[in-house]
2 protein chains.
Amino acid sequence: MSSNSGSGGGATGRIGIGLELDATHLKILEVLRENGRVSVSALAERVGISRANAYTRFEALRADGVIKRFTAEIDHQRAGLGIVALIFVTVRQQMWRQFRAQLAQMPEVEYCAITTGQHDAMIQVRMADVAEVHAMVTERLANIPAVKATETVFILDEVLRRPYVLPSDRERDRGRGAARRPTPSASPEPEQGPGPGQGQGQGLPLGKMRFVGAAEGRAALRDET
Amino acid sequence: MSSNSGSGGGATGRIGIGLELDATHLKILEVLRENGRVSVSALAERVGISRANAYTRFEALRADGVIKRFTAEIDHQRAGLGIVALIFVTVRQQMWRQFRAQLAQMPEVEYCAITTGQHDAMIQVRMADVAEVHAMVTERLANIPAVKATETVFILDEVLRRPYVLPSDRERDRGRGAARRPTPSASPEPEQGPGPGQGQGQGLPLGKMRFVGAAEGRAALRDET
DNA sequence: GTTGAAATTAGTACGAA
DNA sequence: TTCGTACTAATTTCAAC
């Protein structure tokens, strides 16, 4: 519950866009990203709107689900879970539902996403030591019939973690890298970019890039669970 | 800044454990994980301690860095960034510092971790559409000399995302899966688990599991940047 | 959408157990 | 250390503009 950004999560259907986000909304989200505990009064001041307005918008963002929850970011090392690992899972076809159900039973899993490419899903776990990761993979994951195979890599260092990314972050992007498209969002021109789900393994323009589509027979993955 | 759980981040040395976390601390973190905006009064009530004590502990957790920051969790789809991709990067040796520096310049990057295995780092980005991911990889990443090669997969669905995992989550684990070790943390027995950094590609007990160590010549990766 | 004033709640300080 | 209480400052709510 509470965390599905995708569409295949549960029974909750996706409703239409209930709230059009304007620049002020984004500004509010920007502040809330840095400090989720600011009072609405301070928020109003920072954003440059009145308190009542801030309260209204704050409530709207919350009620509309744009803000899903507030949380604390903690230092995992100090909390006793200093080992992070990524487990790439190959799931047996037509056992996705079971796979999801089993995942919900694993509180040590911090993140799980279904991906295109060689594997079907990526799981991120946080443990006290390396042996625990080993035990988790070989004892717990191995017992799930839906799991066909796994591949585990350890995270040596978490270089960067941003609370979340906003469309407004792009504004700070100008002038760097190659030339950018005039309209950063929803470009109407028929791009040559490869869509997810259509496998294509050949090299791309610059030679050192590679995009990996979904494994065969997994085109309708999103609707399966 | 502000996000390094690992050790290779910057110049800030790792100080000793400044705070021994007891059961009450964990309980506080548990509440804060679900609702980062609770008043300390409500927190005290939920945890079952006095208001004054809650203030003391809350401040201690904050001052000690166990709690790094508070933030809002948002629905990226509604915020206009519905496409998520993982970019696995192979980094040219001895160019890690430059790689890190470039990353800091990319606000669209939500997460970056250095990993063992076939690739050197994993980057998670969030964009408005697939074409933007393509542009980001081919135009921005390709221009970084430190980047030798990339492999991109798209995330079709984010099944699960927990704000963070706590050692106490393990308590809910009893009786499921295979038998667990008596002491969940810091097991003193010499386990046979493969450590990170020592490559080993052979199969493990159950046959369908695979652990992937660091690529050759990358043993001293943590000290490099 | 804004301002101001009342009611409530949060944060602090201190003595006692 | 932890608790309880009193005190001060801030926030939220609700009103009128």
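Side chains are part of it too, since the values below use all heavy atoms of this structure and drop only hydrogens, waters and symmetry mates.
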Quickly work out the B/Glu59 CD to D/dT2 C1' distance and round it to whole Å. 17 Å
Specify the separation, in whole Å, of atom CZ of B/Phe58 and atom P of C/dA10. 13 Å
Show the nearest heavy-atom pair for residues B/Glu110 and A/Tyr164, with the distance to one decimal. OE2-CA, 3.5 Å
A/Tyr55 OH to D/dA15 C1': how many Å, rounded? 15 Å
Would you tell me if any nitrogen or oxygen in the side chain of B/Ser39 comes within less than 4.0 Å of OP1 or OP2 on C/dA10? yes
Does the side chain of B/Ser41 get closer than 4.0 angstrom to OP1 or OP2 of C/dA10 through an N or O atom? yes
Atom CZ of B/Arg57 and atom C1' of C/dG11 are separated, to the nearest Å, by 19 Å
What is the distance, rounded to the nearest whole Å, between atom CZ of B/Arg51 and atom C1' of C/dC14? 14 Å
Do the side-chain N and O atoms of A/Glu34 and B/Thr71 include a donor-acceptor pair separated by under 3.5 angstrom? no
Quick note, B/Val40 side chain, CB onward, closest among C/dG11, D/dG4, D/dT12 is C/dG11
d(CD1, A/Ile49; P, C/dT3) in whole Å: 11 Å
cation_pi(B/Arg162, A/Tyr111) dist<6.0 Å, angle<=45: no
In whole angstroms, how far is the P atom of D/dA10 from the CG atom of A/Leu43? 18 Å
Just to verify, which of B/Leu86, B/Leu103, B/Val137 counts as forming a side chain to side chain contact (heavy atoms under 4.5 Å, CB included) with B/Ile123? B/Leu103
Measure from CZ on A/Arg37 to C1' on D/dT11 and round the result to the nearest Å. 13 Å
